[in-house]
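Order of appearance sets the numbers: ligands from 1, and atoms from 1 within every ligand. All residue numbers refer to positions in the sequence shown, counting from 1. What you see is a predicted model, and the numbers here were worked out from it, not measured in a lab.
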Amino acid sequence: MSPKKVFPNARRLGIEIHKFGGASLADAAAFRRVVEIVKTRTAPRIVVVSAPAGVTDALLGLAKRAAAGDAESGAKEIDDLGTRYLEILRGAARRGTKEVAAEIARSMDELERLLSSLAVLKELTSRTRDFIVSRGERLSARLLTAALGAAGVRARYVDATEVIFTDGPFGGASPNLMLTDLAARKLLRPLCAAGIIPVVPGFIGAAKIDERDGDHGHEHAHDNDRRALGVATLGRGGTDLTATLLGRALSAKEISLWKDVPGLLTADPRVVPDARVIPQLHVREAAELAYFGAKVLHPRALIPVAGRSIPVFVRPFADATAAGTEISARRTLDRYPVKALSAVGGQALLTVAGNGMLGVPGIAARTFEALHLQGISVSLISQSSSEQSICFSVPEGAARRARDRLTEEFRDQIARGEIDGIDSRSGLATVAVVGIGMAGHLGIAARVFAALAEAKINIVAIAQGSSELNISFVVAAKDVGAAQRAVHGAFQLSKIGGGAAARAAHTDTVLLGFGQIGRALAKIMAQGQSGKNGKNGQDGKSARKSKLRLVAAIDRRGFVFDPNGLPPRVVAALSAAKEKGKSLAELPGGRAATPADALAALAEHALGDPILVDVTADESTPLIRQALGAGMDVVLANKRPISGPRAESEALLALAESAGRRLLTEATVGAGLPIFDTHRKLVESGDRVLKIEGCLSGTLGFVLTEVEKGRSFSAALGRAMELGYTEPDPRDDLSGVDVGRKALILGRLLAFAGEPADVAVESLVPAAMKALPREAFLARLADIDADWSRRAAAAKAKGATLRYVATVTKDRISVGLKVVDRASPFYGLKGTDNQVAFTTSRYRKNPLVITGPGAGPAVTAAGVLNDMLRVSG
Ligand code: ADP
Ligand code: ASP
Ligand code: MG
C-alpha cells in the first residue's frame with residue numbers, strides 16, 4: 001500500500017468540520033436533529049460537540065460549592081445531571097445505549113467522589129476543575145456517537161486528548177498548533193478516509209506535558225489516568241476553537257459552527273433587537289468581534305485558520321438550509337465600513353496620570369510589563385497625545401490587583417510627584433465598532449461619537465485599534481445597550497445584507513406562571529399554533545395570524561421548555577395535570593428549578609424576539625429585571641411590579657427603557673379593556689387627562705349589583721365564590737387592596753407621586769371580622785346582611801345605588817363605596833363588568849367611558865394577548 005493511500009491528501013478528502021454548540025444539544029430532540037444534519041451531509045466529516053446547554057455551568061457550580069465544604073447539596077444535582085444525560089440517550093438512540101449508560105453512571109460516580117474529596121481538601125485547583133468539567137463534553141460526544149450509530153451512521157468517539165494538544169495553563173489553555181496538527185492528521189485522516197465519522201468532545205485537550213505530569217509523575221500511567229490528569233480546558237466557549245483547530249489540521253474544506261442564532265449578527269440580538277445576519281465577513285473582522293466580547297465565538301477561535309483559505313460558517317441549527325454567515329478571506333459588503341458591534345462588560349478603567357510623565361521614557365512599557373507579569377490582560381489602551389496620561393481597561397475583578405501593583409511599581413515617581421497616582425474606575429463596559437472598510441473611509445469615528453452624543457451617552461475613554469478595523473470606546477455599564485443601539489442605527493446596520501432581516505420568524509413567549517390565566521393564554525396560543533380554530537374563535541384567529549409561539553412555562557418549582565414551541569398536545573396535557581395540582585417540575589419534560597434559574601437556562605438560548613409574560617400575582621420584580629436584562633420584552637398581567645414603592649416601579653420602567661425593551665401593562669388594570677391604550681391616544685392627541693374614575697373590581701361589581709337586585713350580601717358573595725370570581729379568601733377582594741393597586745397604577749399614569757400607603761382604601765370587611773379564620777368569617781357573613789340591605793335601600797330611595805369606585809387624580813387617589821345616582825355612568829353597570837371614565841380637557845362634562853368585562857381568566861388572557869401582539873408587531 002502506498003503511503004498516499006494510508007494518508008490520503010486531506011484536501012482531496014474535502015473534510016467538513018461540524019461543531020454543535022450547547023444550545024443545539026439541549027435535549028433528546030436536539031440530538032436527533034444533530035443526527036439528521038450529520039446524516040444528510042455527504043462529504044467526509046468530523047463532528048465536534050459541546051456539553052448540553054447549562055451543563056458546564058452546573059459542573060463549575062458544583063465544584064465551587066464542594067471546595068467551599070459543601071458536598072451534600074450537590075448530590076441531588078449530580079443525580080439530575082445523570083438523569084438528564086440518560087434521558088437524552090434514551091430519546092436519541094434506539095439501541096447501543098447500554099455502554100454509554102454505564103459510562104454516564106461511571107462519570108457521575110467519579111464526580112461524586114471528586115466532590116467529596118474537594119469538600120475535605122477545601123481546595124480547588126484549576127487542574128481538578130478542568131477534569132471535573134471535561135465530562136460535560138465527553139459524555140455529550142459519547143452520547144452522540146451512540147445516537148449516530150443507532151441511526152446507521154458509522155461514527156467513532158475520539159477523545160480530545162488524543163488530537164488536541166495544549167501548552168497550558170489549566171483553565172484556559174493555548175493550543176499547541178504543531179502537535180495538534182500532527183496528532184489530528186495521524187488519527188483522524190484514516191478514519192475519514194474509511195468513511196467513519198470521528199466524534200470529538202470540544203472545549204478540552206491534552207494538558208502541557210510538564211504540567212500534566214507535574215507532581216504525579218506517572219511514568220507508565222494507565223490510559224485512563226493519563227486522560228484524567230492530563231486534560232485542560234481551552235476557556236469558556238472553547239468548542240469553537242476545537243473545531244477550527246481540527247479544521248486547520250485537516251485542511252478542511254469548510255467548518256460549520258451550528259448555533260442557536262441565524263448567523264453572526266451585526267450585534268448581540270439580546271441587546272440590539274434589529275440586529276441582522278451578516279452574510280459574509282472577513283476573518284479579521286470576525287476575530288476582532290470575538291476578541292471584543294461577541295459571545296457568539298470563542299475569542300481565539302479564528303486564530304488557527306488565519307491566513308488559510310478555510311471558510312468558517314456560523315449556521316442556524318433551527319434551519320439547516322439557511323446560509324448563515326460565511327467568515328472567510330473575501331471582502332464583500334463594501335458599502336458598510338462598519339459591519340458589527342460587540343461589547344465587553346465588567347470592565348474597569350485605570351489611569352496613570354501626572355504632569356511629570358511628559359518625556360519620562362518607559363512609563364507605558366513599565367505599566368504593561370507589570371500587568372503582564374501579574375497575568376492581567378489589558379483590552380483597550382488610550383494614551384493622550386500630550387502624554388500626560390495612560391488609560392487602559394482591565395476586567396473589574398483584576399482592577400484592585402492592577403492598581404496595587406502599579407502603585408508599587410511607580411512608588412518613586414509618585415513620591416516625587418511625577419505621577420499623581422493610579423486612578424481606577426469600575427462599572428464600565430467597552431464597545432467595539434468593527435469593520436474592515438473603516439480604514440478607507442473618513443469620518444467613521446466622528447459618526448460614532450455624534451451618534452453617542454445624540455443619545456446623550458457619556459464616553460469615558462476612546463481608542464482606535466492600530467489595525468484600523470476597530471474603534472473602541474468605554475461607557476458606563478448602564479449605557480452599554482443604548483450605546484450599541486445608537487451606533488447600530490447610525491450606520492444603518494439593520495439594512496445589511498440587502499434587507500434580509502434577522503428578525504425571528506417567531507415571537508417566542510415564556511409564561512411566568514401557569515395558573516388559570518396562564519393556562520387560558522397557553523390554550524389560545526396553542527390553537528393559533530395548530531392552525532385550528534378553537535371555540536374561542538376570535539382570539540384563536542388573532543394568535544394564528546401572529547408570530548407568537550409558546551416556548552416555555554415557568555411555575556414556582558420548575559419549568560418546561562421546547563425551543564421549537566410547545567406542541568398543542570403537550571400544552572393540553574400540562575394544563576390538565578397542572579389543574580390537578582401538579583407542578584411543572586413533576587410533569588414529563590419538566591425540570592426542577594427556581595424561577596430565576598429557569599429564566600437563566602432559557603436565556604442561554606437565542607429565542608426569537610422573546611417575551612416574558614408575567615401572569616403570576618407574586619413579587620416578581622427581580623425576575624422581570626432579569627428578563628429585561630436577558631433581552632426580553634415583558635408583558636404584565638401581574639400588578640405587583642408596578643404598584644409597589646414608587647422608586648421601585650420607576651426603576652423598573654427606566655431599566656426597560658435603557659435596555660431598549662418594552663414593558664406593557666394593559667392587562668394589569670381592566671383585564672381586556674383598552675385603558676392604557678385610550679390614555680395614550682388621548683395624550684398623543686394633545687388632550688390632558690384630569691381624572692380617572694372607575695369600577696375596577698369584577699367581584700365587587702357583581703356582589704353590589706346582586707345586592708341592588710335584593711339579594712342578601714352573604715348570598716351574593718357566596719354566588720360570586722361559586723362562580724370563581726373571588727380570590728380563595730374573598731376578603732382579599734372585599735378589602736379593596738386589589739382595587740387600590742389598580743388605582744395606584746392609573747394614578748402613576750397621571751404622575752401621582754405617592755406611595756401605596758398614600759392611597760385611601762375603604763375596606764368592606766368590618767374591622768371585627770378582619771382577623772377571623774376564613775371559615776369563621778364565612779360562617780358569620782350573614783351578620784352583616786341586614787346592614788347591607790339597609791344601605792342598598794337607602795340609596796335606592798334616593799334614586800341611586802351602591803358602587804365601589806376608584807377616583808384618581810394627580811394629587812389624590814381614593815377607593816371606596818359610593819352612592820351613585822342616575823347621572824353617573826357607573827349607575828347602569830351590570831355584573832362583573834368594569835368601567836373606566838376619563839375626565840379630560842376635552843371630555844370635561846361628559847367623560848369618555850369604557851365598559852366591558854373586566855375579570856376572569858379568559859378576558860384577562862385576551863388583554864395580555866393584545867399586548868403580546870403589539871410587541872410581536
Ligand atoms: P454555542 O451554542 O455554539 O456555544 P454561543 O451560545 O456561544 O453558541 O453563541 C451564540 C449566542 O451568542 C447567541 O445565543 C447570541 O445570544 C449571542 N451573541 C452575541 N453576539 C452575537 C452576534 N453578534 N451574533 C450572533 N450571536 C450573538
Ligand atoms: N461547554 C463549554 C462552555 O459552556 C464549552 C463550549 O460550549 O464551547 O463554555
Ligand atoms: Mg459557545
Side-chain angles (χ1 to χ4, degrees), residues 18-26 30 34 48-61 129-130 132-141 160 171-172 200-205 233-244 255-273 275-278 281 285-286 288-290 292-301 312-318 324-325 327 339-345 431-434 481 484 488 493 496 502 504 508 563 601-610 630-632:
H18 292 275
K19 176 250 158 163
F20 295 90
S24 320
L25 295 165
V34 170
V48 180
V49 293
S50 294
V55 167
T56 305
D57 284 330
L59 289 168
L60 288 171
R129 192 191 297 118
D130 278 4
I132 286 174
V133 292
S134 67
R135 71 205 57 239
E137 265 69 12
R138 281 175 160 157
L139 289 179
S140 195
V200 184
F203 180 46
I204 52 175
T233 60
L234 302 169
R236 293 305 303 267
T239 305
D240 295 329
L241 182 53
T242 308
T244 53
I255 300 167
S256 294
L257 308 175
W258 295 90
K259 297 191 181 250
D260 62 346
V261 266
L264 211 150
L265 306 179
T266 49
D268 188 335
R270 291 170 292 194
V271 179
V272 183
R276 300 278 171 120
V277 176
I278 312 170
L281 80 171
E285 293 172 312
E288 199 84 1
L289 287 168
F292 278 96
K295 199 233 154 204
V296 58
L297 283 177
H298 180 280
R300 286 173 285 132
V312 176
F313 290 88
V314 175
R315 295 193 193 273
F317 181 64
T325 297
I327 301 170
K339 292 219 190 75
L341 315 172
S342 60
V344 201
V431 177
V433 181
V434 173
Q484 289 177 79
H488 198 265
L493 295 184
I496 215 161
D508 287 333
L602 296 176
E604 290 209 354
H605 295 257
L607 301 175
D609 302 338
M632 297 179 161

Peer 1: Using a 3.5 Å cut-off on N or O atoms only, is Lys19 in polar contact with ligand 1?
Peer 2: yes
Peer 1: Under 4.0 Å, counting heavy atoms only: does Ala267 come that close to any atom of ligand 1?
Peer 2: yes
Peer 1: Please work out which of Leu265, Leu297, Thr266 has its closest non-hydrogen atom nearest to atom 22 (C) of ligand 1.
Peer 2: Leu265
Peer 1: Among His298, Arg236, Lys295, whose heavy atom sits nearest atom 5 (P) of ligand 1?
Peer 2: Lys295
Peer 1: Could you check whether any side-chain heavy atom of Pro52 comes within less than 4.5 Å of a side-chain heavy atom of Ser140, counting everything from C-beta outward?
Peer 2: yes
Peer 1: With sequence neighbours left out, what residues match Val271 under side-chain contact (heavy atoms from CB on, under 4.5 Å)?
Peer 2: Asp268, Gln484, Arg485
Peer 1: Kindly confirm or rule out an N or O of Val261 lying under 3.5 angstrom from an N or O of ligand 1.
Peer 2: no
Peer 1: Using a 3.5 Å distance criterion without hydrogens, assess whether the side chain of Ser256 forms a donor-acceptor pair with backbone atoms of Phe313.
Peer 2: no
Peer 1: For ligand 1, is there an atom lying under 4.0 Å from some heavy atom of Ser50?
Peer 2: no
Peer 1: Where the closest heavy atom to atom 9 (O) of ligand 1 is concerned, which of Ile278, Leu264, Val296 has it?
Peer 2: Val296
Peer 1: Is Trp258 close to ligand 1, meaning an N/O of one under 3.5 Å from an N/O of the other?
Peer 2: no
Peer 1: Say you draw a straight line from NE2 of His298 to CG of Leu257; how long is it, rounded to the nearest 0.5 Å?
Peer 2: 12.5 Å
Peer 1: Is any N or O atom of Lys259, backbone or side chain, closer than 3.5 Å to an N or O atom of ligand 1?
Peer 2: yes
Peer 1: Out of all atoms in ligand 1, which are within 4.0 Å of some heavy atom of Gly22? Include the element for each.
Peer 2: 2 (O)
Peer 1: Quick one: side-chain contact (heavy atoms from CB on, under 4.5 Å) partners of Ala294, sequence neighbours excluded?
Peer 2: Leu289, Val296, Ser342
Peer 1: Run through Val261, Asp260, Val34, Leu25 and flag the one making a side chain to side chain contact (heavy atoms under 4.5 Å, CB included) with Phe317.
Peer 2: Val34
Peer 1: Between Asp260 and ligand 1, find which residue part has any heavy-atom pair under 4.0 Å and reply side chain, backbone, both or neither.
Peer 2: side chain
Peer 1: Within the 4.0 Å heavy-atom shell around Arg270, which atoms of ligand 1 are there?
Peer 2: 15 (C), 16 (O), 17 (C)
Peer 1: Using salt bridge (charged side-chain N to carboxylate O under 4.0 Å, His left out) as the criterion, list what pairs up with Asp240, not counting sequence neighbours.
Peer 2: Lys19, Lys259
Peer 1: With a 4.5 Å heavy-atom cut-off, do Leu297 and Ile327 have their side chains touching?
Peer 2: yes
Peer 1: Where is the tightest heavy-atom contact between Ala30 and Ala26, given as atom of each residue plus distance?
Peer 2: CB-N, 3.7 Å
Peer 1: Between Asp508 (side chain only) and Pro610 (backbone N and O only), is there a donor and an acceptor less than 3.5 Å apart?
Peer 2: no
Peer 1: Which of the listed options, Gly263, Ala294, Gly238, Gly237, holds the heavy atom that is closest to atom 25 (C) of ligand 1?
Peer 2: Gly263
Peer 1: Is there side-chain contact between Arg129 and Leu60, with heavy atoms separated by less than 4.5 Å?
Peer 2: yes
Peer 1: Judged on heavy-atom distance to atom 1 (P) of ligand 1, which of Pro269, Gly21, Gly631 sits nearest?
Peer 2: Gly21
Peer 1: Taking both backbone and side-chain atoms of Asp240, is any N or O found less than 3.5 Å from an N or O belonging to ligand 1?
Peer 2: no
Peer 1: With no hydrogens and no angle check, is any side-chain donor or acceptor of Glu137 less than 3.5 Å from a backbone partner on Ala51?
Peer 2: yes
Peer 1: Rounded to the nearest 0.5 Å, what's the gap from CG on Leu234 to CD1 on Ile204? Could you check?
Peer 2: 8.5 Å
Peer 1: Could you tell me the separation between the OG1 atom of Thr266 and the NZ atom of Lys339, rounded to the nearest 0.5 Å?
Peer 2: 12.0 Å
Peer 1: Heavy atom under 4.0 Å from ligand 1: found in Ala53's side chain, backbone, both, or neither?
Peer 2: neither
Peer 1: For ligand 2, would you mind listing the residues that have at least one heavy atom less than 4.0 Å away, ordered by chain and number?
Peer 2: Ser50, Thr56, Glu137, Phe203, Arg236, Gly237, Gly238, Thr239
